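What follows is one structure encoded as structure tokens, with my remarks underneath.
Basis for what follows: all heavy atoms, side chains included, without hydrogens, waters or symmetry-related copies. Not measured: the values here are computed from a predicted model. When a residue number appears, it is its place in the shown sequence, counting from 1.
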Amino acid sequence: MGMGEFLASSLARLPIHGPLRRSLDLVYTPADPAFRVDYLAGPGDPGDIGPDSVTWRVMANPMVFAIGAIPAVILQLAEEGIGKGVDTYSTYKTDTLGRTQRTLSAALASTYASKSAKAALMAEVARRHARVRGPLDDGGRYSAFDPERMAFVHLTAGYGFAEAYHRLVAPLSSAEREALITESLPVAADYGRFELPRTPAAVDAFLRGWAPRLQRRPELENFLAVARRGSAVSLLPRAGQGLLLRAGIDLLPDWAKERLGFQRAPAAQAATVALLRPLVRFVPRVMRDTPPQLACRRLGLPDDHLFRPRATPVLAGVSPRSAA
């Protein structure tokens, strides 16, 4: 047993299960009925990806979402069109919990729900995005359906979740990173039609190509202020919100840290990972009836299927079952 697993086991003996489980229940249960999904609907339907995918494992841990979303949002809000759209139309500053619930619900539905169960939610997401549009400083216009910006949002989210899992849960191999990109294509199709790079190198080049368009904009500062305050519900006490924020910022690519002024000493980054990794690995022990677990149940799999050690290495383009 490694030190991280030992510490996770030690956390399991502390009386923190109840508060943490209540926080998980609240985050996973949208107040907005339009964003509620029945993950047991469509028995036997694996959805667009399926339980042997790398994506199902990466997205199953809520801490991966909580931390991985931070670098994605930072990169997105540093771009003028996305930043203005979010700052103008999003309710995250006044309804942080509700916005978190809706974003998480859409991400989980596109990953874990059966095809029929997620259809209404994804249509609602498209309907709400249709009104997001406005002017840019240079006289141009932004829109939530701008294909290039849609690709940037999709790829920055994928980057953040992959890096959070890689650093805090388990290392991802090159083949697993390639699988994540391939598996994301049907998920992207839920949000609209836009072209995506198909290899890790192409994704990296695409994201780097946005560097000249990114700056420390007021919209980004607004998000950082809200993140530092914390939301009405959190997987950590308010004092721990800064730790989560620092961990998320540390996941930014080096070129983005330099451009946006987020550099930190490597030793400080390593200390943050060491503090958070036991908690991240502990959280699955208190999860009950969450969307990933319900999706496994829909397919006749045990609730802990996505948290068990992977028996077969992932080969590029091949799932563990098909390789057997």
Side-chain angles (χ1 to χ4, degrees), residues 47-50 53-56 58-59 65 68-69 71-86 89-90 103 106-113 115 118-119 121-136 138 140-163 165-166 172 174-215 251-253 255-256 259 314 316-319:
D48 286 320
I49 308 174
S53 65
V54 182
T55 301
W56 272 44
V58 166
M59 295 296 290
F65 180 88
V73 173
I74 287 174
L75 290 169
Q76 292 163 21
L77 296 186
E79 196 278 326
E80 183 190 1
I82 300 171
K84 286 188 172 183
V86 171
Y89 291 95
S90 174
T103 301
L108 293 175
S110 63
T111 302
Y112 295 107
K115 295 177 183 179
K118 69 179 179 179
L121 185 152
M122 301 317 300
E124 179 65 15
V125 170
R127 187 186 70 79
R128 296 190 186 193
H129 281 174
R131 65 191 180 92
V132 178
R133 60 187 66 208
L136 297 171
D138 65 0
R141 304 280 297 178
Y142 69 82
S143 162
F145 292 134
D146 177 341
E148 191 178 26
R149 288 190 172 93
M150 291 176 76
F152 186 70
V153 168
H154 177 80
L155 293 172
T156 51
Y159 169 86
F161 300 145
E163 285 303 307
Y165 186 91
H166 177 73
L172 290 169
S174 297
E176 287 172 323
R177 289 181 179 275
E178 186 174 339
L180 283 172
I181 294 171
T182 302
E183 293 165 6
S184 78
L185 299 179
V187 173
D190 284 336
Y191 292 89
R193 295 183 179 181
F194 49 96
E195 292 297 319
L196 289 169
R198 305 298 179 96
T199 67
V203 169
D204 181 64
F206 178 89
L207 294 179
R208 283 175 179 267
W210 282 66
R213 299 167 63 170
L214 307 184
Q215 13 180 332
L251 296 180
L252 284 165
W255 59 263
R259 180 164 185 84
V314 172
V318 181
S319 72

Considering all heavy atoms, the nearest L172-A162 contact:
CD1-O, 3.5 Å
According to the interplanar angle, ranging from 0 to 90°, do the rings of H129 and F145 count as parallel (below 30°), tilted (30 to 60°) or perpendicular (above 60°)?
perpendicular
Check whether any side-chain N or O of Y159 sits under 3.5 Å from a backbone N or O of L251 as a donor-acceptor pair, and report yes or no.
yes
F152 and D146: CA distance, side-chain angles, deciding distance, side chain to side chain contact (heavy atoms under 4.5 Å, CB included) verdict
CA-CA 10 Å; F152 186 70; D146 177 341; over 6 Å; no
So which pairs with a foot in residues 182-199 pass salt bridge (charged side-chain N to carboxylate O under 4.0 Å, His left out), sequence neighbours left out?
K118-D190
Is the shortest heavy-atom distance from the side chain of R131 to the side chain of Y89 under 4.5 Å?
yes
Is there a side-chain contact between L155 and P197 in this structure, where contact means two heavy atoms from C-beta onward sitting under 4.5 Å apart?
yes
So do R149 and W210 actually touch side chain to side chain, heavy atoms under 4.5 Å?
yes
d(T156 OG1, E79 CD) to nearest 0.5 Å is 10.5 Å
Is any side-chain heavy atom of L196 closer than 4.5 Å to one of F206?
no
Can you give me the closest heavy-atom contact between V125 and A106, atom names plus distance?
CG2-CB, 4.1 Å
Residues S110 and Y191: closest non-hydrogen pair is OG-OH, 4.0 Å
Of all heavy-atom pairs linking V132 and R128, the shortest is CG2-O, 3.9 Å
Taking the side chain as every heavy atom from C-beta outward, state whether D48 and K115 have any atom pair closer than 4.5 Å.
yes
Interatomic distance, CD@E163 vs CZ@R177, rounded to 0.5 Å, equals 4.5 Å
When you measure from the side chain of R259 to the backbone of L214, do you find a donor-acceptor pair of N or O atoms at a distance under 3.5 Å?
yes
Atom pair OH/CD of Y142 and E80 - distance to nearest 0.5 Å
9.5 Å
Could you list the residues that satisfy ring-ring contact (aromatic ring centres under 6.0 Å, His included) with Y165, not counting sequence neighbours?
none
Mind listing the closest non-hydrogen atom pair of R141 and P135 along with its distance?
NH1-N, 3.7 Å
Pick from V54, T182, T55, L185: which one makes a side-chain contact (heavy atoms from CB on, under 4.5 Å) with I49?
T55
Minimum-distance pair of heavy atoms, taken over all atoms of W255 and L207:
CH2-O, 3.4 Å
Mind checking the CG-CZ spacing from L108 to F65? Nearest 0.5 Å is all I need.
7.0 Å
Only counting residues at least two apart or in another chain, list the ones meeting side chain to side chain contact (heavy atoms under 4.5 Å, CB included) with V86.
L77, I82, S90, Y92
